[in-house]
Peer 1: 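Structure incoming, see below.
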Protein chains: 2
Amino acid sequence: MTRNTAEITPTQLQAYFAFTEVSSLLRHAVEKQLRDAGDLSYVQFQLLATLGDSPDGRLRMTDLADRVVYSRSGLTYQAQVLEARGLVTRGSSPDDERSVVVALTPAGRDVLGAVFPGHIDALHRLLFASLTDADIADLARVLQRAADHLRADPPRSAAPRRRKA
Amino acid sequence: MTRNTAEITPTQLQAYFAFTEVSSLLRHAVEKQLRDAGDLSYVQFQLLATLGDSPDGRLRMTDLADRVVYSRSGLTYQAQVLEARGLVTRGSSPDDERSVVVALTPAGRDVLGAVFPGHIDALHRLLFASLTDADIADLARVLQRAADHLRADPPRSAAPRRRKA
DNA sequence: TATTGTTATACTCTATAACTATA
DNA sequence: TATAGTTATAGAGTATAACAATA
């Protein structure tokens, strides 16, 4: 009803549609694999994997929330679930009494280990099987740039923004 | 603890991580835009947009469920929500009395129209701004191939699979 | 007998607001 | 006053199983 100010090229549209389609189908398949292999939701896997990537397997709640794009209360919920299953522990930080440090337990690493092979297998089957090495290199290069750009202005888990609305 | 049979190259890993990161951040931002501009969830937008893409703006429930990767009961729920808002109608098919045909209403098209400009704007700002035309062309080419591959064996909304487990 | 769709149900997930405690 | 985290709560979304109707 208004004038069409939104402009997008056919190639851009194709890239976006293909991206969302791959994202949906891949995620759906991966969620099933994670559920079957380790009884993990996608977010729970992301949390464990993020901890596993961390140098000493531990991160503050807020940092973890920020990396997984999460509200803090939502992370509290998931952290409780994972702690109840013995996959992580929560302890206070020596540096800052306010902080809670989440740490991956050996059981948590075991679950990651149980889930990884099938995860990677699914990636090969669903994604990489149809692509050449050059394709994959292109994908890595372009998406890495896009990720860097997106990450530059990340949504924080709690941002009571100072001033300058 | 077991031998590491899962093999993945660094480039593949980089491509995958970047893909998931872009996917998460982009989706998070888009969900907010859709909520603000049209009070739509991401899935609801997908459903409306899928109908809008369809030649006459109408699809059977099962076909719609299959395209959006959805359980049929889940689609029934969303179709009720969208129908209550007057964005779609549901009617029986003349061909097959069992089928229900979902059709986009003018109000539904209006909502799509209200949401699209901001949607495309967000895409430019978040995704395309950091990429060259060549990057975008690469992305479109590679992801299109991946999407075609993934779509070849889609998860159906209800698949009591015949035989040949 | 197979397919289409709905319903009942139960559960997971998520965020907002209010609250406590520490810096 | 600002930040870290939890709790209470309330709502949205999802899927499974049982069901009714048509092919």
Side-chain angles (χ1 to χ4, degrees), chain A residues 24 27-28 31-32 34-36 39-47 58-85 88-103 155-163, chain B residues 24 27-28 31-32 34-36 39-47 58-85 88-103 155-163:
Chain A
S24 286
R27 171 146 180 178
H28 203 259
E31 274 180 345
K32 174 163 175 41
L34 292 172
R35 182 70 65 192
D36 293 347
D39 195 29
L40 292 177
S41 71
Y42 189 75
V43 170
Q44 287 165 355
F45 171 72
Q46 279 187 300
L47 293 173
R58 36 179 63 235
L59 281 172
R60 293 193 322 149
M61 288 288 283
T62 296
D63 295 332
L64 192 52
D66 285 349
R67 298 202 193 186
V68 184
V69 182
Y70 227 71
S71 72
R72 290 186 298 168
S73 68
L75 175 58
T76 295
Y77 168 78
Q78 292 293 357
Q80 284 169 344
V81 171
L82 293 175
E83 189 178 36
R85 284 180 57 182
V88 304
T89 58
R90 286 187 293 172
S92 43
S93 163
D95 309 330
D96 188 332
E97 282 291 326
R98 295 172 302 180
S99 295
V100 168
V101 173
V102 186
R156 284 222 54 204
S157 62
R161 69 179 65 165
R162 327 291 172 126
R163 62 211 130 182
Chain B
S24 287
R27 172 146 179 178
H28 203 260
E31 274 179 344
K32 173 161 176 41
L34 292 172
R35 183 70 63 192
D36 293 346
D39 194 30
L40 292 177
S41 70
Y42 190 76
V43 170
Q44 287 165 355
F45 171 71
Q46 279 188 301
L47 293 173
R58 36 178 63 234
L59 281 173
R60 291 193 325 149
M61 288 289 282
T62 295
D63 295 331
L64 192 51
D66 286 349
R67 300 204 192 184
V68 185
V69 183
Y70 227 69
S71 72
R72 289 186 300 168
S73 68
L75 175 58
T76 295
Y77 168 78
Q78 291 293 359
Q80 284 168 345
V81 171
L82 293 175
E83 189 178 36
R85 285 181 55 182
V88 304
T89 57
R90 287 186 292 173
S92 43
S93 162
D95 309 331
D96 188 332
E97 281 292 326
R98 296 172 302 181
S99 296
V100 167
V101 173
V102 186
R156 283 222 52 206
S157 62
R161 67 179 67 164
R162 328 292 174 124
R163 63 211 129 184

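In what follows, every chain begins at residue 1, and chains take the letters A, B, ... in the order their sequences are listed. Source: prediction; values computed, not measured.
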Peer 1: So, is B:R90 near the phosphate of C:dT6, with a side-chain N or O under 4.0 Å from OP1 or OP2?
Peer 2: yes
Peer 1: Describe the nucleic acid contact of B:Q44 in one word from base, sugar-phosphate, nothing, applying a heavy-atom distance below 4.0 Å.
Peer 2: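 If one applies the 4.0 Å heavy-atom cut-off, B:Q44 turns out to touch the sugar-phosphate alone, with no base involved.
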Peer 1: Walk me through it: do A:R67 and A:D63 pass the test salt bridge (charged side-chain N to carboxylate O under 4.0 Å, His left out)?
Peer 2: CA-CA 6 Å; A:R67 298 202 193 186; A:D63 295 332; 5.8 Å; no
Peer 1: If each of B:E97 and B:V43 is mapped to the nucleotide of DNA chain D with the nearest heavy atom, which maps nearer the 5' terminus, i.e. the 5' end?
Peer 2: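 Checking each residue's closest nucleotide, the 5'-ward one belongs to B:V43.
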Peer 1: A:R35 CZ to D:dT16 P: how many Å, rounded?
Peer 2: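 In whole Å, D:dT16 P and A:R35 CZ are 11 Å from each other.
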Peer 1: List the atom of A:R58, the atom of A:V101, and the distance in Å for their closest heavy-atom pair.
Peer 2: NH1-CG1, 3.5 Å
Peer 1: Taking only the side-chain nitrogens and oxygens of A:Q80, find out if one of them lies under 4.0 Å from OP1 or OP2 of D:dT7.
Peer 2: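 Checking A:Q80 against D:dT7: at least one side-chain N or O falls below 4.0 Å of OP1 or OP2.
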Peer 1: Would you mind reading off the distance between A:L40 atom CG and C:dT12 atom P, rounded to a whole angstrom?
Peer 2: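 It is 14 Å, rounded to the nearest whole Å.
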Peer 1: Please work out if A:S99 contacts a base, only the sugar-phosphate, or nothing of the nucleic acid, heavy-atom cut-off 4.0 Å.
Peer 2: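 Touches sugar-phosphate only.
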Peer 1: Within this structure, what is the CZ-to-C1' distance between B:R27 and C:dC13, rounded to whole angstrom?
Peer 2: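 The answer, rounded to whole Å, is 13 Å.
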Peer 1: Atom CZ of B:R27 and atom OG of A:S24: how far apart are they, to the nearest 0.5 Å?
Peer 2: 6.5 Å
Peer 1: State whether the distance check finds a donor on one side and an acceptor on the other, under 3.5 Å, for side chain A:S73 versus base C:dA15.
Peer 2: yes
Peer 1: Please work out if A:V81 contacts a base, only the sugar-phosphate, or nothing of the nucleic acid, heavy-atom cut-off 4.0 Å.
Peer 2: nothing
Peer 1: Whether A:S41 contacts C:dC13 is assessed here as follows: a side-chain N or O lying under 4.0 Å from the phosphate OP1 or OP2. Is that the case?
Peer 2: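 Yes, within the criterion.
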Peer 1: Tell me the interatomic distance from A:R98, atom CZ, to D:dT1, atom C1', rounded to whole angstroms.
Peer 2: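 After rounding, the gap between these two atoms is 11 Å.
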Peer 1: Sub-3.5 Å donor-acceptor pair from the side chain of B:Q44 to the main-chain atoms of B:S41, do we have one?
Peer 2: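 Indeed, once roles are kept as given, a pair shorter than 3.5 Å links the two residues.
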Peer 1: From CG of B:D95 over to C1' of C:dG5, roughly how many Å is that when rounded to an integer?
Peer 2: 16 Å
Peer 1: Can you measure A:L64 atom CG to D:dA4 atom C1' for me and round it to whole angstrom units?
Peer 2: 14 Å
Peer 1: For A:D96 and for A:S71, find the nucleotide of DNA chain C with the closest heavy atom, then tell me which residue's nucleotide is more 5'.
Peer 2: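 Taking each residue's closest nucleotide, the earlier one in sequence belongs to A:S71.
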Peer 1: Quick one: does B:T76 reach the base of C:dT7 with a side-chain donor-acceptor pair under 3.5 Å?
Peer 2: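 When only heavy-atom distances are counted, B:T76 does not reach the base of C:dT7 through any donor-acceptor pair under 3.5 Å.
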Peer 1: Check the distance between C:dA23's P and A:R60's CZ and give it to me in whole angstrom.
Peer 2: 12 Å
Peer 1: Just wondering, do A:M61 and A:R72 contact through their side chains at under 4.5 Å, heavy atoms?
Peer 2: no
Peer 1: Tell me if the side-chain of B:R72 makes a donor-acceptor pair with the base of C:dG5, cut-off 3.5 Å, by modelled atom types.
Peer 2: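 It does, because a donor-acceptor pair links the side chain of B:R72 to the base of C:dG5 below 3.5 Å.
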Peer 1: Once you round it to whole Å, what is the distance between P of D:dT7 and CD of A:Q78?
Peer 2: 15 Å
